[in-house]
K.L.:
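Have a look at this one.
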Amino acid sequence: MMKDNLKKYLEEEILSSLDKLGIARREIVFDKPKEEKFGDYSTNIAMLLAKELKQPPRKIASDILERMKIDKAKISNAEIAGAGFLNFFAADPYCIARLEEILNEGSGFGRSAINSGLRANLEWISANPTGPLHTGHGRAAALGKAIANLLEWTGYDVTREYYYNDAGNQMNNLAKSVYARYMQIMDPGFEFPDEGYVGDYVKEIAADIYGRHGDKFRDNFDSEYFKSEGENHTFALIKKTLERMGIEHDVFFNESSLYDDGTIDRTIEELKSRSLAYEQDGAVWLRMPAEEGFQKDKVIVKSTGEPTYRLPDIAYHIDKVNRGFDLIVDIFGSDHGDTYKEVLYGVKCLGHDESKIKVIIHQMVTFRMGDESVKMSKRSDKVYSLDELMDDIGADATQFFFIMRGANTHLDFDISLAKERSEKNPVYYLQYAYARICGILRNAEVKLAGDSVKEKWLEALPGNEDEIRLIKVIDRFPEEVEQSAASLEPHKIINYLNELAESFHRFYHNNRVVDPDKPDVSRARLQLCRAAGLVFRNGFEIIGVSAPERM
RNA sequence: GCGCCCGUAGCUCAAUCGGAUAGAGCAACAGCCUUCUAAGCUGUAGGUUACUGGUUCGAUUCCAGUCGGGCGUACCA
């Protein structure tokens, strides 16, 4: 890729300097300095060598620099600064020439092939069908959507997966809840179960059943029927919400399939035969050794004969490993922070490679409406659903807010703020920049009608400070995508897009793009705008928000 | 009690294997629209990176301890 040229070129030059100095080759790491005066690329190699060579870092830097052949067409300036940093400044003409390549790449600009040929599995949300998704699911939902995109942009073939369980107590509870609401239609005094699901959706399911079957089930609790009605209706709600968020899973993996094909039984036997599990008090316990950091053994099969969630989870992860993925990503809330370790341990001690499994633990989101905290429990009737959140602040802002911060930080989400002052919403800062670009292009169609881009349009670009800075930010997009994908942190893309918007807004403010008196400059700047717009569109696609052409 | 995570400007958060003067947005203050969208731009102010000690050329980052918050610590998921 062209964008690597400068870095690779500098790396080669430095390595060849090291050769001349008789210093062993090693990895040269370049940073993008925080401040412009420190250049576009910076390396601390001289400081790292100081101890080994027992020489002052600045002298080493000077030795290296003297032996480098600096091509002025690429690097306008190279200098030693601070404690011994080597700073390099990209030459303006070189940057400007990049524009043409970027525009040629088009919607592919930012994609890379570093992971092509590899397969990734991303499993997230995975809520059981006992109720609609609530705001507590939002962060994982939004993170997963963006991370799946990031992985695809670096070449992975991504399988988006949803794991669920439609058996067990929770579903029985849903069946009882639906039945109680059904009975209450005919007999308002009918008792509702203590632990029942109180959400309105349960009433709607009951009303639907009553509408179709009348009193057919009066005093006749067909648990399987009510369970299946509950599941179907609830899953429809969940999928509708996901669709609205722009999330589509490729695989819905039903936990019960692990029972049906005997996987669960085989897993138990294997654990027992390897003495990794034992029976006690009528239950089966998994040994959780203190050396691995565990506190005590855990039950994997209850004395009732029913497995706890850990056992199928272990079997499920082994299944994913066996499916041959090169990368397996799970996204959980911090309430699962301990249990995933147990699952990984189970996978490992049964002899499977757990190193391909990466677990993202996101911290809890604190929702509030002004000063009032918002509860998210499914068993409370004051649930704030993901749908309601999207109704209130829009799907874009919802997606954006959930991923704008690192997953591993506690997120404070003031819904009333996002509602009341949505025009102050950071997502609009980015989208507005894009809408502005579209506005300029529309204007150009009118004012510069009939003109087309010439072969040598680049020469007309004045190349002032605002333009050069904007180009440099645009050019960084591919490596930002790579880094963001490698660390599975979509918020980095948002930080980057923020920088892009800032550069663009400043450029826009100081430079008239469409000027019929200067058609060549206009066309050159239009191309710059197109390149910026391209990165916004591609960036929005990754983080999962829309690219509005008007606002 | 024990384990994991977090603690950075008034608020919400960044900070690229440990790097240069710790950065944005919001809120505050002062400016900028006869010009492609002012949902914008420019400037000012705002900090003992919770605290203490350690490791080193250099620590928000790594280590130990203390304090504060979140989540776990179920034969729930």
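In what follows, chains carry the letters A, B, and so on, assigned in the order in which the sequence lines appear, proteins first and then strands, with residues in each chain numbered from 1. Keep in mind that this is a model prediction, so the values were computed, not measured.
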K.L.:
Please report the distance, rounded to the nearest Å, between NZ in A:Lys341 and C1' in B:rU73.
P.N.:
12 Å

K.L.:
For B:rC4, which nucleotide in any strand shown is its Watson-Crick or wobble partner with both distances under 3.5 Å?
P.N.:
B:rG70

K.L.:
Which residue in the set A:Asn173, A:Asp166, A:Asn172 passes side chain to side chain donor-acceptor pair (under 3.5 Å) when paired with A:Lys227?
P.N.:
A:Asn172

K.L.:
Kindly say whether, by distance alone, the side chain of A:Tyr309 makes a donor-acceptor pair under 3.5 Å with the base of B:rA77?
P.N.:
yes

K.L.:
Pick the P atom in B:rC26 and in B:rG69, then give their distance to the nearest Å.
P.N.:
32 Å

K.L.:
When only distance counts, do a donor and an acceptor, one from the side chain of A:Asn87 and one from the base of B:rA20, lie under 3.5 Å apart?
P.N.:
yes

K.L.:
In terms of base orientation, is B:rC33 syn or anti, with the syn window spanning 90° either side of 0?
P.N.:
syn

K.L.:
I want to verify a distance call: between B:rC75, B:rC13, B:rC17, whose nearest atom is closest to the A:Arg405 side chain?
P.N.:
B:rC13

K.L.:
When the distance from CD1 of A:Ile403 to P of B:rA14 is rounded to whole Å, what number comes out?
P.N.:
13 Å

K.L.:
Go through B:rA20, B:rG19, B:rA77 for me and flag the one nearest to the A:Thr308 side chain.
P.N.:
B:rA77

K.L.:
For B:rC2 versus B:rA64, give the span between their P atoms, rounded off to a whole number of Å.
P.N.:
15 Å

K.L.:
With sugar-phosphate meaning primed atoms plus P, OP1 and OP2, does A:Asp297 contact a base, only sugar-phosphate, or nothing at under 4.0 Å between heavy atoms?
P.N.:
nothing

K.L.:
Taking the same atom, C1', in B:rC11 and in B:rU55, what whole-Å distance lies between them?
P.N.:
35 Å

K.L.:
Tell whether A:Asp335 reaches the base of B:rG72 with its side chain through a donor-acceptor pair below 3.5 angstrom.
P.N.:
no

K.L.:
What's the closest nucleotide to the A:His505 side chain, out of B:rA74, B:rG40, B:rC4?
P.N.:
B:rG40

K.L.:
Quick one: sort the A:Tyr164 and A:Phe252 rings into parallel, tilted or perpendicular, breaks at 30° and 60°.
P.N.:
perpendicular

K.L.:
Checking A:Tyr316 against A:Asn165: is there a side-chain donor and acceptor pair closer than 3.5 Å?
P.N.:
no

K.L.:
Out of curiosity, A:Leu10 CG to A:Leu15 CG, how far, rounded to the nearest 0.5 Å?
P.N.:
11.0 Å

K.L.:
Parallel, tilted or perpendicular: which one describes the rings of A:His249 and A:Trp124, with boundaries at 30° and 60°?
P.N.:
tilted

K.L.:
Checking all strands, does A:Met404 fall into the base, sugar-phosphate, or nothing category for heavy-atom contacts under 4.0 angstrom?
P.N.:
nothing

K.L.:
Taking the side chain of A:Gln363 as heavy atoms from C-beta outward, which of B:rC5, B:rA39, B:rU35 is closest to it?
P.N.:
B:rC5

K.L.:
Compare the minimum distances between each of B:rC75, B:rU42, B:rU73 and the side chain of A:Arg506, then state the nucleotide with the smallest one.
P.N.:
B:rU42

K.L.:
Whom does B:rG53 pair with, Watson-Crick or G-U wobble, provided both distances fall under 3.5 Å?
P.N.:
B:rC63

K.L.:
Tell me: OH of A:Tyr429 to P of B:rG25, nearest whole Å?
P.N.:
7 Å

K.L.:
Using the ring centroid of each side chain, check whether A:Phe235 and A:Tyr162 are separated by less than 6.0 Å.
P.N.:
yes

K.L.:
Kindly indicate whether the side chain of A:His410 and the base of B:rG7 share any N or O donor-acceptor pair separated by less than 3.5 Å?
P.N.:
no

K.L.:
Suppose you measure atom P in B:rG3 against the same atom in B:rA9; what distance do you get, rounded to whole Å?
P.N.:
28 Å

K.L.:
Please determine, for B:rA38, whether a Watson-Crick or G-U wobble partner exists with both distances under 3.5 Å, and give it or none.
P.N.:
none

K.L.:
Does the aromatic ring of A:Phe38 sit over the six-membered base ring of B:rA20, closer than 5.5 Å centre to centre and tilted less than 30°?
P.N.:
yes

K.L.:
Counting only side-chain heavy atoms from C-beta out, which of B:rG70, B:rC75, B:rC41 sits nearest to A:Met364?
P.N.:
B:rG70

K.L.:
In whole angstrom, what separates A:Tyr340's OH from B:rG3's P?
P.N.:
16 Å

K.L.:
Taking the same atom, P, in B:rC29 and in B:rA15, what whole-Å distance lies between them?
P.N.:
31 Å

K.L.:
Taking for each residue the nucleotide of RNA chain B bearing the nearest heavy atom, is the 5' side occupied by A:Arg310 or by A:Lys32?
P.N.:
A:Lys32

K.L.:
Between OG1 of A:Thr308 and NZ of A:Lys298, what distance do you get to the nearest 0.5 Å?
P.N.:
9.5 Å

K.L.:
Which listed nucleotide (B:rA20, B:rG72, B:rA77) is nearest to the side chain of A:Asp338?
P.N.:
B:rG72

K.L.:
For the pair made of CG in A:Leu53 and P in B:rC57, what is the distance, rounded to whole Å?
P.N.:
14 Å

K.L.:
Quantified in whole Å, what is the P atom distance between nucleotide B:rC51 and nucleotide B:rU60?
P.N.:
11 Å

K.L.:
Starting at atom CG of A:Leu500, determine the distance to atom C1' of B:rG25, rounded to an integer number of angstrom.
P.N.:
17 Å

K.L.:
Picking from B:rC75, B:rC6, B:rA74, which would you name as closest to the side chain of A:Asn408?
P.N.:
B:rC6

K.L.:
Heavy atoms under 4.0 Å, any strand shown: does A:Ala50 hit a base, just sugar-phosphate, or nothing?
P.N.:
nothing

K.L.:
Nearest heavy-atom pair of A:Met47 and A:Gly84: which atoms, and what distance?
P.N.:
SD-C, 3.8 Å

K.L.:
By nearest heavy atom, map A:Ala81 and A:Thr304 onto RNA chain B; which one lands nearer the 5' end?
P.N.:
A:Ala81

K.L.:
Choose from B:rC75, B:rC13, B:rC36 the nucleotide whose nearest atom is closest to any side-chain atom of A:Asp412.
P.N.:
B:rC13

K.L.:
Paired with B:rC29: which nucleotide, if any, by Watson-Crick or G-U wobble criteria at under 3.5 Å for both distances?
P.N.:
B:rG43

K.L.:
So, A:Ser256 and A:Asn254: side-chain donor and acceptor under 3.5 Å apart, yes or no?
P.N.:
yes

K.L.:
Does A:Lys34 have a side-chain nitrogen or oxygen under 4.0 Å from the phosphate oxygens OP1 or OP2 of B:rA15?
P.N.:
no

K.L.:
When the P atoms of B:rC17 and B:rU52 are considered, how many whole Å apart are they?
P.N.:
26 Å

K.L.:
Nearest-Å distance, CG (A:Asn172) to P (B:rC76)?
P.N.:
14 Å

K.L.:
In whole angstroms, how far is the P atom of B:rG18 from the CD1 atom of A:Ile45?
P.N.:
15 Å

K.L.:
Sticking with atom C1', work out how far B:rG10 lies from B:rA28, rounded to a whole angstrom.
P.N.:
9 Å

K.L.:
At under 4.0 Å between heavy atoms, what does A:Ser42 touch on the DNA or RNA strands: base, sugar-phosphate, or nothing?
P.N.:
base

K.L.:
Measuring from A:Ile415:CD1 to A:Thr398:OG1, what's the distance to the nearest 0.5 Å?
P.N.:
9.5 Å

K.L.:
Would you jot down, in residue-number order, the residues of residues 491-499 of chain A having a non-hydrogen atom under 4.0 Å from RNA chain B?
P.N.:
A:His491, A:Asn495, A:Asn498

K.L.:
Does B:rC76 have its OP1 or OP2 closer than 4.0 Å to a side-chain nitrogen or oxygen of A:Lys302?
P.N.:
yes

K.L.:
Below the 4.0 Å mark, does B:rC36 have OP1 or OP2 next to a side-chain nitrogen or oxygen of A:Arg525?
P.N.:
no

K.L.:
Look at the aromatic rings of A:His336 and A:Phe332 and report parallel, tilted or perpendicular, splitting at 30° and 60°.
P.N.:
parallel

K.L.:
Among side-chain atoms of A:Tyr434 and A:Arg537, is any donor-acceptor pair under 3.5 angstrom?
P.N.:
yes

K.L.:
State which of B:rG3, B:rA20, B:rG70 makes the closest approach to the side chain of A:Gln295.
P.N.:
B:rG3

K.L.:
Tell me what A:Asp281 touches on the nucleic acid: a base, only sugar-phosphate, or nothing, going by heavy atoms under 4.0 Å.
P.N.:
base

K.L.:
Report yes or no: is there a donor-acceptor pair, N or O only, under 3.5 Å between the side chain of A:Ser334 and the base of B:rC5?
P.N.:
no

